[in-house]
Structures are given as C-alpha cells and as structure tokens.
Participant: 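Shown below is the structure under consideration.
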Amino acid sequence: MTSLLEKALNVAEEEVGEQRQGQWRQQVAWEWRNQQDLPLPEEKSNPHGIEKLWHSTLIRIYLSLIAKSTRNFTWEASLGALQNLTAGNGPMPFGVAQTIVQKANGLPSIRNMLHVSNPSVRKTAVSLVRNLSRNASLRNEIAREVLSDLVAILPDFVSHSDIANETTASVCYALYNLTQNSSQNARLLLNSDGLSKVMNISTSER
C-alpha cells in the first residue's frame with residue numbers, strides 16, 4: 001500500500017512542477033527523524049511580540065472565523081494563517097498543531113472546508129491537514145476525523161489544473177503520513193476505497 005502511495009506522490013509532484021518536487025518528502029523525512037523528542041513550547045498567559053502569533057487565543061480566533069464565516073476570502077485567509085503556523089520544523093509548528101487538534105477541537109471546522117466548492121479554499125484546507133498529519137502523536141485522531149474526507153476529494157485521474165494537482169499531492173502526502181506505522185489507519189484507507197483511487201492516480205496518463 002505504501003509503495004502505491006509513493007508512486008501517486010511522484011505523479012502528483014511531476015504535475016505541479018520541478019520546483020516543488022521533493023519539498024514535502026524532505027519535510028516527512030525530517031519529521032520521522034526528529035519530532036518524537038521535540039519539547040512543546042510553553043504558552044504564556046500574557047504573550048508579547050511574536051509570541052502572540054502562535055498563542056492559543058489567536059488560533060481559536062482563526063478557527064472561529066473558519067467555522068462562522070461564509071466568505072471564501074475569510075476561509076482561505078484563516079486557513080492560510082494556520083497552514084503557515086504549522087509549516088516548517090521545530091517545536092512551535094507542532095505545538096500549534098496540537099492546539100488545533102486537541103485543545104481547540106479544530107478538526108470539524110477544517111473538515112468542512114475540504115468540501116467547499118472554491119478550489120483555492122479546498123487546497124489551503126488540505127495543505128493545513130497535510131501539515132497537521134506530520135505530527136505522529138495526532139495521526140490517529142486526524143485519521144478518525146478526516147481520512148475518509150481526504151479520500152472522497154481524491155480525483156480518479158491526474159488533472160490538467162495546477163490547483164487540483166497541488167491539492168491531490170497534499171492529500172496523498174497526508175494519507176502517506178496518516179498510514180505510517182498504523183495498521184488501523186491503513187485499514188481505514190482501504191475501507192474508504194482509498195487504495196483504488198491511489199492506484200488510479202498512479203496509473204493515469206500524465
């Protein structure tokens with residue numbers, strides 16, 4: 001199953017261009033080597049300066065905007081802010097991911113964004129889920145909440161749209177992360193018909 005996911009990732013990477021190839025693979029490799037021993041940053045009750053950017057209060061505001069707004073611009077901006085905060089290496093992105101998933105119960109709102117009609121909003125939501133899935137301690141929770149939704153938005157073949165292919169690549173990376181070292185999550189992927197979709201993507205014409 002893993003080899004099929006990797007093949008699908010290769011197809012998607014080639015579709016989105018050479019500059020993006022390997023970027024997310026490097027992130028996944030780094031995560032496996034380092035994240036288990038990362039201490040989470042201590043949150044201050046009265047943050048100052050840059051500390052405000054990843055404080056749980058601001059994260060909850062972004063999640064509230066995602067849940068309550070009806071505007072594509074607001075959705076994309078809020079999702080993009082959380083995507084940026086969960087990108088990269090180090091304890092801060094993983095601390096923000098933990099706040100989103102466990103402390104602020106943000107997955108239901110993010111899940112809804114996976115099914116909106118606007119492709120840019122959907123792409124940003126998937127990119128956020130991809131970032132969250134890099135945290136091994138959160139994977140089972142994320143898989144229970146959104147794995148079937150990720151499978152549902154996978155196309156049956158590689159598209160000619162850049163946005164669609166970037167979304168597909170992010171979905172594949174998230175599925176790759178969620179099924180690592182977890183037979184339970186791999187079974188969820190199989191039962192949600194995810195394997196056949198990945199096979200279709202990996203064998204479709206480029």
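It should be emphasised that the depicted structure is a prediction, and the values quoted were computed from it without experimental measurement.
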Participant: Considering non-hydrogen atoms only, spot the tightest contact between Ser137 and Gln102 and give its length.
Facilitator: O-NE2, 4.5 Å
Participant: A side-chain contact here means heavy atoms from C-beta on lying under 4.5 Å apart; do Asn135 and Val101 qualify?
Facilitator: no
Participant: Check for a donor-acceptor pair, side chain of Thr74 on one end and backbone N or O of Thr70 on the other, with a separation under 3.5 Å.
Facilitator: no
Participant: Given 3.5 Å as the limit, does a donor-acceptor pair link the side chain of Ser170 with the main chain of Thr167, or not?
Facilitator: no
Participant: Indicate yes or no for a side-chain donor-acceptor contact from Thr86 to the backbone of Gln83 under 3.5 Å, with no hydrogens or angles considered.
Facilitator: yes
Participant: Would you mind reporting whether Leu154 and Asn200 have side-chain heavy atoms less than 4.5 Å apart?
Facilitator: no
Participant: Return yes if some donor-acceptor pair links the side-chain N/O of Arg60 with the main-chain N/O of Lys103 below 3.5 Å, else return no.
Facilitator: yes
Participant: Please report the C-alpha distance between Leu85 and Ile100 in whole Å, then the side-chain angles of each, then the deciding distance to 0.1 Å, and finally whether the side chain to side chain contact (heavy atoms under 4.5 Å, CB included) criterion is met.
Facilitator: CA-CA 11 Å; Leu85 289 173; Ile100 292 171; over 6 Å; no
Participant: Measure across Glu166 and Lys123 and return the closest heavy-atom pair with its distance rounded to 0.1 Å.
Facilitator: OE1-CE, 2.6 Å
Participant: Does Ser192 use its side chain to pair, donor to acceptor, with the backbone of Leu189 at less than 3.5 Å?
Facilitator: yes
Participant: Going by side-chain contact (heavy atoms from CB on, under 4.5 Å), Val129 matches just one of Val146, Leu178, Leu147, Val171. Which one?
Facilitator: Val146
Participant: Any side-chain heavy-atom pair from Ser120 and Asn72 closer than 4.5 angstrom?
Facilitator: no
Participant: Please walk me through it: do Leu195 and Met199 pass side chain to side chain contact (heavy atoms under 4.5 Å, CB included)?
Facilitator: CA-CA 6 Å; Leu195 184 58; Met199 291 175 64; 4.2 Å; yes
